[in-house]
Amino acid sequence: MNWSGVSAFYVAVAYAVALIAMGIEVVTLWRRASNRRREE
Amino acid sequence: MINSKVRWYKYASPAAFYPLAVKIVPWVGAAATALLVFGLYIGLIEAPTDFQQGDAYRVIFIHVPAAWMGMLLYVLMAGYAGIGWAFNARLSSMMASSMSITGAMFTFLALVTGAFWGRPTWGTWWVWDARNTSTLILLFLYIGFITLQSVIDDPRRADRAGAVLALVGVVNVPIIYFSVKWWNTLHQGATIRFVKESTIAAPMLAPLLIMTAACWLYAIAVVLARVCCMIRERERLTV
């Protein structure tokens with residue numbers, strides 16, 4: 001494998017956006033569930 | 001004989017479904033994480049470099065599963081919303097609401113990762129071709145569904161209004177899928193086919209299928225987890 005700098009940048013940003021979006025969804029859900037348990 | 005069968009329809013009740021979903025979520029979430037890590041390793045390190053696109057093509061391992069999930073979740077969302085509307089099934093409507101956020105997230109990812117693939121391969125972030133535009137409309141349909149549900153205070157009325165929008169908008173999904181056949185688009189045609197031989201090489205197909213499975217499991221886990229929250233909020237369960 002011989003990554004060029006340009007390709008590595010585009011691929012890295014695309015995967016970073018994807019993982020951050022999934023992470024935000026999971027953390028938001030986790031907090032929603034935690035808040036609900038605390039209220040109960 | 002009938003008594004020995006599992007009565008699946010009992011899980012249509014939110015109270016019966018909740019304990020089952022709570023048990024499933026951690027296992028499916030763990031499997032999704034494991035497959036995601038494995039898929040990223042195979043896709044970013046083990047898969048060979050494409051002779052034309054170089055390493056930029058590796059964006060497909062998240063772009064394609066995200067686009068598939070965006071379309072599939074919309075069809076499922078419309079189905080659940082329709083069942084919830086027709087049979088007054090609360091759990092179906094909750095499933096539809098839960099899927100809308102994950103579906104919107106995957107559609108957004110398909111558009112963003114597509115832009116990061118388009119820039120090095122097409123030379124542009126965006127073109128108004130049929131595939132891109134119809135996928136953008138899908139994102140707007142998801143946003144419309146989420147907004148419509150959030151502005152109506154009564155959940156049952158919100159479910160009915162959302163169901164109408166979801167069912168009308170489902171016509172956009174076949175348009176997205178067949179857009180590359182019906183119109184002359186810059187977006188490439190299908191490389192993975194169910195009836196003919198796929199035109200993608202096996203070492204590239206394997207990580208694509210692994211990442212697709214990971215995205216499926218991720219979607220199942222987060223949709224069920226969100227439904228659990230909604231059941232607690234709507235049904236005031238203290239489980």
Side-chain angles (χ1 to χ4, degrees), chain A, chain B residues 22 25 29 32-33 36 40 43-50 53-63 65-66 98 101-102 104-106 108-121 211 214-215 218-219 221-233 236-239:
Chain A
M1 194 170 61
N2 183 25
W3 285 80
S4 77
V6 176
S7 293
F9 168 76
Y10 289 116
V11 172
V13 174
Y15 280 93
V17 170
L19 294 175
I20 288 167
M22 289 181 181
I24 289 171
E25 189 178 24
V26 170
V27 170
T28 307
L29 260 175
W30 189 277
R31 291 183 65 180
R32 184 174 171 181
S34 301
N35 289 342
R36 176 57 50 194
R37 275 196 294 270
R38 205 174 299 127
E39 283 172 19
E40 286 168 2
Chain B
V22 165
V25 168
T33 308
L36 196 67
L40 285 173
L44 297 179
I45 294 167
E46 291 292 326
T49 303
D50 185 77
Q53 301 182 34
D55 286 302
Y57 93 95
R58 292 176 198 277
V59 174
I60 66 164
F61 301 131
I62 189 67
H63 170 72
S98 181
I101 297 167
T102 306
M105 191 275 293
F106 273 118
F108 169 77
L109 281 185
L111 291 168
V112 171
T113 56
F116 277 94
W117 187 18
R119 186 70 185 92
T121 52
M211 287 294 284
C215 287
Y218 167 85
V222 293
V223 166
L224 289 181
R226 192 176 292 110
V227 163
C228 288
C229 290
M230 295 170 81
I231 291 172
R232 291 177 86 107
E233 288 160 7
R236 297 283 181 263
L237 275 178
T238 50
V239 182

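Convention: sequence-line order gives letters A, B, ...; per-chain numbering from 1.
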Answer with side chain, backbone, both or neither: which region of [X] has an atom nearer than 4.5 Å to a non-hydrogen atom of chain A?
X: B:Tyr57; answer: neither
X: B:Ile62; answer: both
X: B:Val222; answer: both
X: B:Ile101; answer: both
X: B:Thr102; answer: both

(message) Walk me through whether B:Met230 and A:Arg32 qualify under side chain to side chain contact (heavy atoms under 4.5 Å, CB included).
(response) CA-CA 10 Å; B:Met230 295 170 81; A:Arg32 184 174 171 181; 3.4 Å; yes
(message) Looking at every non-hydrogen atom in both residues, tell me the closest pair between B:Asp55 and A:Val11 and how far apart they are.
(response) O-CG2, 3.5 Å
(message) For a quick test of reading the model, state the closest non-hydrogen atom pair linking A:Tyr15 to B:Met211 and the distance between them.
(response) CE2-CE, 4.4 Å
(message) Is there a side chain to side chain contact (heavy atoms under 4.5 Å, CB included) between B:Arg119 and A:Phe9? Walk through the geometry before answering.
(response) CA-CA 11 Å; B:Arg119 186 70 185 92; A:Phe9 168 76; over 6 Å; no
(message) Checking B:Thr113 against A:Val17 for the side chain to side chain contact (heavy atoms under 4.5 Å, CB included) test, could you report, in this order, the C-alpha distance in whole Å, the side-chain angles of both residues, the deciding distance, and whether it holds?
(response) CA-CA 8 Å; B:Thr113 56; A:Val17 170; 5.7 Å; no
(message) Once rounded to the nearest 0.5 Å, what's the spacing between atom SG of B:Cys229 and atom CG of A:Asn35?
(response) 9.5 Å
(request) To the nearest 0.5 angstrom, please state how far the CD atom of A:Glu25 sits from the CZ atom of B:Phe106. (result) 7.5 Å
(message) Could you go through A:Leu19 and B:Leu36, starting from their C-alpha distance and side-chain angles, then the distance that decides it, and tell me whether this counts as side chain to side chain contact (heavy atoms under 4.5 Å, CB included)?
(response) CA-CA 10 Å; A:Leu19 294 175; B:Leu36 196 67; 4.0 Å; yes
(request) Spell out, as yes or no, whether a donor-acceptor pair under 3.5 Å connects the side chain of A:Tyr10 to the backbone of B:Val59. (result) no
(message) Is A:Ile24 in contact with chain B via its backbone, its side chain, both, or neither, using a 4.5 Å heavy-atom distance?
(response) neither
